[in-house]
Amino acid sequence: MTTPGPTPSPIPLTTVAELRQHHSQLVRLGLASHPAHARRLLSFLARDPASHFPYAARLLAHHPDPHPALFNSLFPALPPRHAARLLALMLSLPLPPDHFTFPRVLPGAQPLHLVAQLHALLLKLGFHAHTQSLNALLAAYLANARPDLASRVFRGGGDALDVVSWTTMVGGLCKLGRVHDAREVFDGMPERNLVSWNAMMSGYVKVGRFLDALEVFDEMRARGVEGNGFVAATAVVACTGAGALARGREVHRWVERSGVAMDEKLATAVVDMYCKCGCVEEARRVFEALPTKGLTLWNCMIGGLAVYGRGEDAVELFGRMEREGVAPDDVTLVNVLTACAHAGMVSEGRRYFDYIVRRYGIDPRMEHYGCMVDLYGRAGQLDEAKKVIDDMPMEPDVGVLGALFGACKIHGDVDLGDAIGWRVIKLDPQNSGRYVLLANLLASAGRWEDVARVRRLMDERNVSKEAGRSVIEIDGEVCQFQCGSLCHPQAEEVYAMAKDMMGRIGAEGYVPDTRDVLHDIAEEEKETPLLYHSEKLAIAFGLLRTRPGDTMRITKNLRVCRDCHEATKFVSRVFEREIVVRDRNRFHHFKDGKCSCKDYW
DNA sequence: ATAGGGTTAG
């Protein structure tokens, strides 16, 4: 059909009334079926498709010259229920779906039976070898958590599969936590592009397997494949997770050299990497060099200073953020409160809470009350902390109670800890850390029968303590040590060094602190001696490979135990090393026998 | 059609 009449005006329609008026005008002029006009009408309807759906459907049902494209353009914006009805309308006209239909309908399709119906229709209409339709189908099965069905389609896909199909499988399986399966698919890929490499890397990152992510990155580079901004961001995040500063620096330098754009996301990843690898100053330099700073970036920098114990700097930066006209959000509030909590700035924290909430209309959420509890709790003001809980407008969740519980541990309040610890465990029965904390607290008071109760409870519920792991990076090589494990290639040498190290600091006045020995509570009979804690092994290894005056950087998955904290202070003096330990939730910078946390953590 | 960033408490 020819397309007579005027081209439609490019001005978008803004109200439904306008739309109706315009539509009736078109009908009068006989232009209602002009494809461009219809597209304009429908694109308006697509903006709020759920409420305008009946109108859109009527428009299409009575369209004198329907074309699949008119329908296809609506699908992406429709909720699944309406999409299904629209498709039914299409079939009833009858207007057969075309090559664009399935890629448009499938992405949001749920629940599963809708996907299955679409699958059946797809086969019936002969799209079994249409790559884009198949890819959309794979993605839909994966999005509905059915890797089995996706795999079946995938295995039957044959020549119709392309890089995107493979990458969809890799990414989808990763999202479902099936990284192992994803890796198998990835290894079998006949061809990969940057998206594929990145999908595999970020899959590892998401499950915390940072070293595996970096290995994939290395393999990519070894094959001569250059990265882009996406890959760089993922690699940087992997370095952050692993605590691999030197490698992170390398990637950062590559970004600068290669001319990859430092956009907001990449910049945030880099700043975060430097912060979390204990280089706040370097993070600061990157931060300052960026011409425009978005909210996320400010948050990231403030949070970085916060966990480093630099409360004053964090708060000052917050002030600058305000002056530059960036409005804080709930995350900013968390970070500012954390900064105050970690620096012991109790009254400032209280003031900022009130100020930010009032000034910016932020609705304090559970997290924020948790921060307030932490703020008072760390400072030993347990009564104030309890008061926060009593006065907060919602029922405290495990997190908030956990903060108070943690404070009891720090300040040795056995009675309150005993009261609250059991409650926390009841609310969060699978979290091994809580049991360990309570057991340690009770043990410190010599209440061995209660300790045994905790132990039994863990056994009954089949909860086991997470193994302590420490990573140290030496000359760009990342080495991991696990508590009590002998799997390192130089294990014997490392163990000998650890013994020697403990002997040397013992002679200088170090006394083992066995109060936290129950860290190994779940290992029953064979409790791992303090000497074999993963960070002592990492430090011993570091001593073998560094010289006096050097800095060692260690990242560990749990919190530093008291004995390791004490020993590390001695090591820093006796062996003249600076040691930066990244904890599960903050930094400890050991130098000349002292720690930056002032033994307050 | 497939890919990247920040958040407290244990």
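Predicted model, so just to flag it, every value in this text is computed and none were measured. Residue numbers start from 1 in every chain, and the chains themselves are labelled A, B, ... in the order their sequence lines are given, proteins ahead of strands.
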Scan residues 261-285 of chain A for pairs that pass ring-ring contact (aromatic ring centres under 6.0 Å, His included), counting only residues two or more places apart or in two chains.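 Checked against ring-ring contact (aromatic ring centres under 6.0 Å, His included) - neighbours excluded - the pairs reaching residues 261-285 of chain A are A/H252-A/Y274.
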Assign a letter to each nucleotide of nucleotides 3-9 of chain B from its 5' end: B, base within under 4.0 Å of a protein heavy atom; S, sugar-phosphate only; -, no contact. BBBBBBB
Apply side chain to side chain contact (heavy atoms under 4.5 Å, CB included) to [X] and list each qualifying residue two or more places apart in sequence or on a separate chain.
| X | result |
| --- | --- |
| A/H128 | A/L123 |
| A/C300 | A/T268, A/V271, A/D272 |
| A/P68 | A/N72, A/M90, A/L95, A/D98 |

Contacts of type side-chain hydrogen bond (donor to acceptor under 3.5 Å, both in side chains), residue A/T338, not counting sequence neighbours: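 side-chain hydrogen bond (donor to acceptor under 3.5 Å, both in side chains) list for A/T338, sorted by chain: empty.
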What is the distance, to the nearest angstrom, from the CH2 atom on A/W197 to the C1' atom on B/dT2?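 Checked: the CH2 to C1' distance equals 16 Å.
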